[in-house]
Amino acid sequence: MLDRRFILENIELVENNCRDRGVVVDVRKLADLEHQRRSLQTEAEEANRQANAASKAIGKAANEPERELRKEEGRQLRAKKDGLHAEVEALEAQIRKIQSRVPNLSHPNAPVGADDAANLELKQGKTPVPSFNFDPKDHVELGDALDLFDFDAGGKVAGHGFYYLKNEAVLLELALQQFVMRMLIERNFTPIITPDLARTEILQGVGFIPRGPETQIYSIADSDLNLIATAEITLGGMYSDTILEREQLPIRMCGLSHCYRTEAGAAGRASRGLYRVHQFTKVEMFAFTHPEDSEKTLGEFCDIECEIFDTLGIPFRVVDTATGDLGGPAYRKFDLEAWMPGRGEAGAFGEVTSTSNCTDYQARRLGIRFKNRGEKGTHFVHTLNGTAIAISRALIAILENYQQSDGSVRVPDALQNYVGHEVIKPRP
RNA sequence: GGAUGGGUGGCCGAGUGGACGAAGGCGGCAGUCUUGAAAACUGCUGUACGGGUGACCGUACCGGGGGUUCGAAUCCCUCCCCAUCCGCCA
């Protein structure tokens with residue numbers, strides 16, 4: 001959520017930003033309604049002030065007739081206030097509805113464009129794109145041959161988009177969790193395992209919209225709970241409605257959770273195998289920072305993601321996400337796209353991580369502030385999130401890049417200790 | 001699932017329908033004392049919105065919503081949340 005006063009004072013800037021982001025919001029109308037609301041609010045406050053004064057006068061009234069006169073006066077003033085107040089509330093609801101759709105501002109260097117076609121490649125990882133002297137398989141074929149997944153059983157038990165991991169795929173998932181967690185602990189992240197469910201209010205604070213027709217979120221019937229789509233939700237919610245001391249910042253956490261996504265409207269998109277699934281495991285980085293530190297922290301998150309994929313020996317590129325592809329809360333977003341030899345005609349990059357600086361957009365809705373010692377007032381913190389590892393997509397990248405001509409898959413050096421062997425071979 | 005007890009300021013915690021934006025404590029800030037620090041003592045110290053260049057002023061806020069009343073933290077209704085105990089269970 002953007003600050004309302006800021007919107008009023010920067011109507012044109014906000015309008016232009018909405019246009020760049022491809023979001024249709026009537027900012028002028030919001031401003032009109034807010035001006036109306038303010039003047040009505042002032043009237044209502046004045047009526048209320050008079051009513052309060054009348055009430056106080058009752059105690060001092062000299063006699064019974066005067067007391068009754070004052071009471072009647074009070075009644076009328078309250079009625080006037082109630083009427084005005086109701087109008088204010090109605091306007092407030094309209095304004096909030098519009099305001100909640102206004103996206104965050106965009107970093108001046110973020111590429112302007114309607115969709116991911118406008119994303120800007122910033123750099124590539126250390127590992128070169130492999131060239132095979134055989135016809136590489138995609139991860140579904142590899143998984144079939146090596147008995148790593150069961151999509152049929154997943155479909156039968158839970159429906160399309162669910163799957164079982166088996167054998168070395170299980171060890172790889174656990175290995176990736178360990179590998180990433182340890183790396184992040186060394187970089188001063190507090191490791192956390194979060195709930196996989198969260199209240200609607202928290203989802204909304206973080207910027208997700210549960211229970212709409214286009215929602216990405218599974219919700220639990222007869223309750224206020226939803227399956228989380230990312231630990232960003234539960235990590236962000238951890239400090240909701242909190243006033244922190246300046247010295248407590250930054251708070252850096254890495255959270256392990258399952259992630260559940262309905263993928264509504266995604267049917268037909270490139271989504272073979274593990275690429276677009278309803279459930280996966282993810283380790284998410286999250287930080288609450290001082291506003292001055294968020295830009296630097298975003299760079300750091302991106303560097304960590306690069307280091308993870310470099311260490312895993314997976315080729316990737318980093319893209320600066322275009323304004324139209326940013327999503328509501330993000331001010332700037334970098335994605336890592338890993339090379340997936342089995343994707344598309346002859347291999348393609350596919351998104352594996354994403355890191356965003358949400359500035360104060362989430363903090364405002366979640367009510368997360370800090371104060372400086374000896375200074376009046378509070379300020380909103382900045383929030384950042386970044387994927388350390390999304391297991392399902394990492395598995396695709398590992399299997400497809402590390403496959404060998406005999407159909408086996410080498411285990412990345414960094415994971416061998418955790419997995420327990422160097423090569424995944426077909427079972428005899 | 002059953003039974004209780006709770007939700008009040010940055011935190012803890014009191015609060016008879018008007019004196020309450022709210023005692024007291026902690027924490028924080030400033031000062032006195034001290035070579036310095038600690039301790040002790042004194043004063044100040046909530047948030048949001050609106051108005052004024054400003055010292056300030058106004059309004060709202062005691063879990064959410066509704067009601068009673070001239071007036072509600074306080075009384076009534078309703079919803080939500082939290083804690084503890086019992087039962088069940090990995």
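Atom set for the values below is all heavy atoms of this structure, side chains included, hydrogens, waters and symmetry mates excluded. To find a chain, count down the sequence lines: A is the first, B the second, and so on, and within it residues start at 1.
Taking atom C1' in both B/G1 and B/G71, one finds a spacing of 44 Å when rounded to whole Å. Straight-line distance between the C1' atoms of B/U34 and B/G28: roughly 22 Å, to the nearest whole Å. Straight-line distance between the P atoms of B/C62 and B/G10: roughly 13 Å, to the nearest whole Å. Comparing the P positions of B/C79 and B/C26 gives an interatomic distance of 41 Å, to the nearest angstrom. Comparing B/G25 with B/C76, their C1' atoms are spaced 34 Å from each other, to the whole Å. For the P atoms, the distance linking B/C20 with B/U45 amounts to 15 Å, nearest Å. Separating the P atom of B/A22 from that of B/C33 is a span of 32 Å, rounded to the nearest Å. As rounded to the nearest Å, B/C56 and B/G64 have P atoms that lie 30 Å from one another.
Pairing analysis of RNA chain B (Watson-Crick: purine N1 to pyrimidine N3 plus N6-O4 or O6-N4; G-U wobble: N1-O2 and O6-N3; both under 3.5 Å) yields stems of 3 or more pairs at B:1-7 with B:80-86, B:10-12 with B:24-26, B:27-32 with B:40-45, B:46-51 with B:56-61, B:63-67 with B:75-79.
There is a side-chain donor-acceptor pair under 3.5 Å between A/N226 and A/T200. Side chain to side chain, A/E232 and A/Q362 meet the donor-acceptor criterion of an N or O pair below 3.5 Å. Using a 3.5 Å distance cut-off with no hydrogens or angles, the side chains of A/T230 and A/K282 do pair a donor with an acceptor. No side-chain donor from either of A/R21 and A/N16 sits under 3.5 Å from a side-chain acceptor of the other.
Nearest nucleotide to the side chain of A/R37, out of B/C49, B/C70, B/U59: B/C49. In the set B/A48, B/C81, B/G10, B/G10 carries the atom at the smallest distance from any side-chain atom of A/I243. Taking only side-chain atoms of A/N48, from C-beta outward, the nucleotide of B/G58, B/G18, B/A60 with the closest atom is B/A60. Of all nucleotides listed (B/C70, B/U59, B/G50), B/G50 comes nearest to the side chain of A/T42.
Relative orientation of the A/H139 and A/F149 rings is perpendicular, given thresholds of 30° and 60° on the angle between their planes. Using cut-offs of 30° and 60° for the angle between ring planes, the A/Y163 and A/F151 rings count as tilted.
A residue-by-residue look at A/D224 and A/D241 shows that A/D241 has its nearest nucleotide of RNA chain B further toward the 5' end. Nucleotides of RNA chain B nearest to A/T378 and A/K71 differ in position, and the one nearer the 5' end is that of A/T378.
Taking the ring centre of A/Y275 as origin, the terminal cationic atom of A/R393 falls inside the region bounded by 6.0 Å and 45° from the ring axis.
The interatomic distance linking A/Q41 (CD) with B/A48 (C1') rounds to 11 Å, in whole Å. The separation between A/R246 atom CZ and B/C29 atom C1' is 18 Å, rounded to whole Å. Whole-Å rounding puts the A/N52 CG to B/C61 P distance at 10 Å. Counting to the nearest Å, the P atom of B/G58 and the CZ atom of A/R38 are 20 Å from each other. Regarding A/E245, its CD atom lies at a distance of 11 Å from the P atom of B/G10, rounded to whole Å. We find that CD of A/E46 is positioned 12 Å from P of B/A60, with the value rounded to whole Å. Between the CZ atom of A/R78 and the P atom of B/U69 there is a distance of 13 Å, rounded to whole Å. The distance between atom NZ of A/K371 and atom C1' of B/A48, rounded to the nearest whole Å, is 14 Å.
Contact between the side-chain N/O atoms of A/R5 and the OP1/OP2 oxygens of B/C49 is found at a separation under 4.0 Å. Contact annotation: A/R49 side-chain N/O to B/U59 OP1/OP2 distance is not under 4.0 Å.
A/I192 is listed as a side-chain neighbour of A/M238, based on a closest heavy-atom distance under 4.5 Å.
The residue A/R4 sits apart from the nucleic acid: no heavy atom pair falls under 4.0 Å.
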Working note: A/T355 + A/L384, criterion side chain to side chain contact (heavy atoms under 4.5 Å, CB included); need CA distance, chi angles, decisive distance, verdict.
CA-CA 7 Å; A/T355 184; A/L384 297 104; 5.7 Å; no
Show, in sequence, the C-alpha distance, side-chain angles and deciding distance for A/R96 and A/E92, and conclude whether the salt bridge (Lys or Arg N to Asp or Glu O under 4.0 Å) test is met.
CA-CA 6 Å; A/R96 223 194 314 253; A/E92 174 65 24; 3.5 Å; yes
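Between A/E15 and A/R28, at least one side-chain N (NZ, or NE/NH1/NH2) sits under 4.0 Å from a carboxylate O, which counts as a salt bridge.
Remark: nothing in residues 80-95 of chain A comes within less than 4.0 Å of RNA chain B through any heavy atom.
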